[in-house]
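Worth knowing before you read on, the calculation uses all heavy atoms, side chains too, and leaves out hydrogens, waters and symmetry mates.
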Amino acid sequence: MPVICVNPTNSSDKEIVNGLNEQNADLRLFLSDKLEDSFKSSLPGKKAIGDILDDTHISTASQGAFCGVFFEDTDSKLRNIFIKAIEDSTLQRIIWLSQSEPNDKILNLKNLSYLHHKDYVNLIENVLELESQEEIDFGYKKISKN
């Protein structure tokens, strides 16, 4: 099923995107127009590039995708933008990756699996497992060392 990755910005995010590309025939990306061209071109998948601070760009780019993987970085403005984009999308599964604790507004989103991680430890395996399963448990999950 089609998956869209929203806001991958660093080498750890790129590892997750590469893993999703290997297990998914239809990988899409929504990338900030502020990212370096070399980073954008190094990522696999069909790319939409636009204003990451505009929720309508994100929700439009996600049309037709089943799963959305949202990479929350340290920019706190993204939380509300991601929430609005998700609410306006047709995504059936949301995987939200963050190093921050979620708030109630995030946890109340339908079909959301929130992966709270520290420095990406064990995150790739968890994302790939969630994306590949037919049915998953939604809610909050803290990822830690085994």
Side-chain angles (χ1 to χ4, degrees), residues 1-50 52 55 57-76 78-79 81-146:
M1 300 238 183
V3 62
I4 185 164
C5 295
V6 178
N7 196 44
T9 59
N10 59 49
S11 60
S12 295
D13 295 347
K14 182 179 175 181
E15 285 184 53
I16 294 169
V17 169
N18 286 335
L20 289 167
N21 186 54
E22 289 178 18
Q23 79 179 26
N24 193 300
D26 189 355
L27 178 70
R28 305 166 188 186
L29 304 165
F30 184 82
L31 304 170
S32 170
D33 55 1
K34 306 289 189 231
L35 285 174
E36 289 189 26
D37 288 341
S38 60
F39 182 76
K40 289 187 277 196
S41 64
S42 73
L43 294 168
K46 300 171 195 162
K47 299 171 184 88
I49 298 169
I52 196 69
D55 59 271
H57 286 194
I58 298 168
S59 59
T60 300
S62 69
Q63 286 182 345
F66 174 77
C67 178
V69 180
F70 287 76
F71 296 84
E72 182 182 19
D73 62 16
T74 56
D75 186 349
S76 61
L78 288 179
R79 281 200 160 193
I81 292 161
F82 282 1
I83 291 168
K84 181 74 172 123
I86 291 166
E87 290 173 339
D88 292 341
S89 78
T90 58
L91 294 168
Q92 298 299 303
R93 178 178 297 170
I94 311 300
I95 302 172
W96 187 311
L97 313 177
S98 181
Q99 293 191 55
S100 301
E101 290 284 339
N103 59 32
D104 288 342
K105 198 168 184 181
I106 294 170
L107 293 178
N108 286 329
L109 292 168
K110 291 189 309 186
N111 305 324
L112 174 92
S113 183
Y114 190 94
L115 302 183
H116 179 203
H117 64 93
K118 180 175 170 65
D119 301 325
Y120 293 83
V121 172
N122 296 326
L123 187 60
I124 295 171
E125 300 84 7
N126 280 273
V127 172
L128 295 178
E129 181 180 341
L130 283 174
E131 193 279 326
S132 68
Q133 294 178 359
E134 191 168 318
E135 293 185 22
I136 65 171
D137 291 329
F138 295 109
Y140 175 84
K141 182 175 182 181
K142 186 163 186 152
I143 309 297
S144 59
K145 294 180 183 179
N146 288 339

Closest heavy-atom pair, Pro8 versus Leu35, reported as atoms and distance to 0.1 Å, is O-CD1, 3.6 Å
Heavy-atom closest contact (Leu115 atom, Ile95 atom, distance) = CD1-CG2, 4.0 Å
Aromatic ring pairing Tyr140/His116, orientation class (parallel under 30°, perpendicular over 60°, tilted between) = tilted
Does any non-hydrogen side-chain atom of Ile52 lie less than 4.5 Å from one of Thr9?
-> no
With a 4.5 Å heavy-atom cut-off, do Ile58 and Phe82 have their side chains touching?
-> yes
Residues 2-27 vs salt bridge (charged side-chain N to carboxylate O under 4.0 Å, His left out), sequence neighbours excluded, gives Asp26-Arg28, Asp26-Lys46
Student check: side-chain heavy atoms of Lys105 and Asn108 closer than 4.5 Å | no
Report the residues that fulfil ring pair (Phe, Tyr, Trp, His ring centres under 6.0 Å) with Tyr120, sequence neighbours left out, ordered by chain and then residue number.
-> His117
Nearest non-hydrogen partners of Leu128 and Ile16, listed with the distance | CD2-O, 4.5 Å
Report, as yes or no, whether the 6.0 Å neighbourhood of atom CD on Glu101 holds more than 12 heavy atoms from other residues, nucleotides or ligands.
-> yes
Would you check if Phe70 and Leu91 make a side-chain contact, meaning some heavy-atom pair closer than 4.5 Å?
-> yes
Is there side-chain contact between Asp73 and Phe71, with at least one heavy-atom pair below 4.5 Å?
-> no
Mind checking whether Leu31 and Asn7 have side chains closer than 4.5 Å, heavy atoms only?
-> no
For Trp96 against Ile83, the heavy-atom pair lying closest together = CH2-CG1, 3.9 Å
Which atom of Thr90 lies closest to which atom of Gly64, heavy atoms considered = OG1-N, 4.2 Å
Between CD1 on residue Ile136 and CG on residue Leu112, distance to nearest 0.5 Å = 8.5 Å
More than 12 heavy atoms of other groups within 6.0 Å of Asp137 CG | no
Have a look at Ile143 and tell me which of Val121, Leu97, Asn122 forms a side-chain contact (heavy atoms from CB on, under 4.5 Å) with it.
-> Asn122
Salt bridge (charged side-chain N to carboxylate O under 4.0 Å, His left out) contacts touching residues 112-135 (sequence neighbours left out) | none
Could you check if a side-chain atom of Val6 sits within less than 4.5 angstrom of a side-chain atom of Ser62, using non-hydrogen atoms only?
-> no
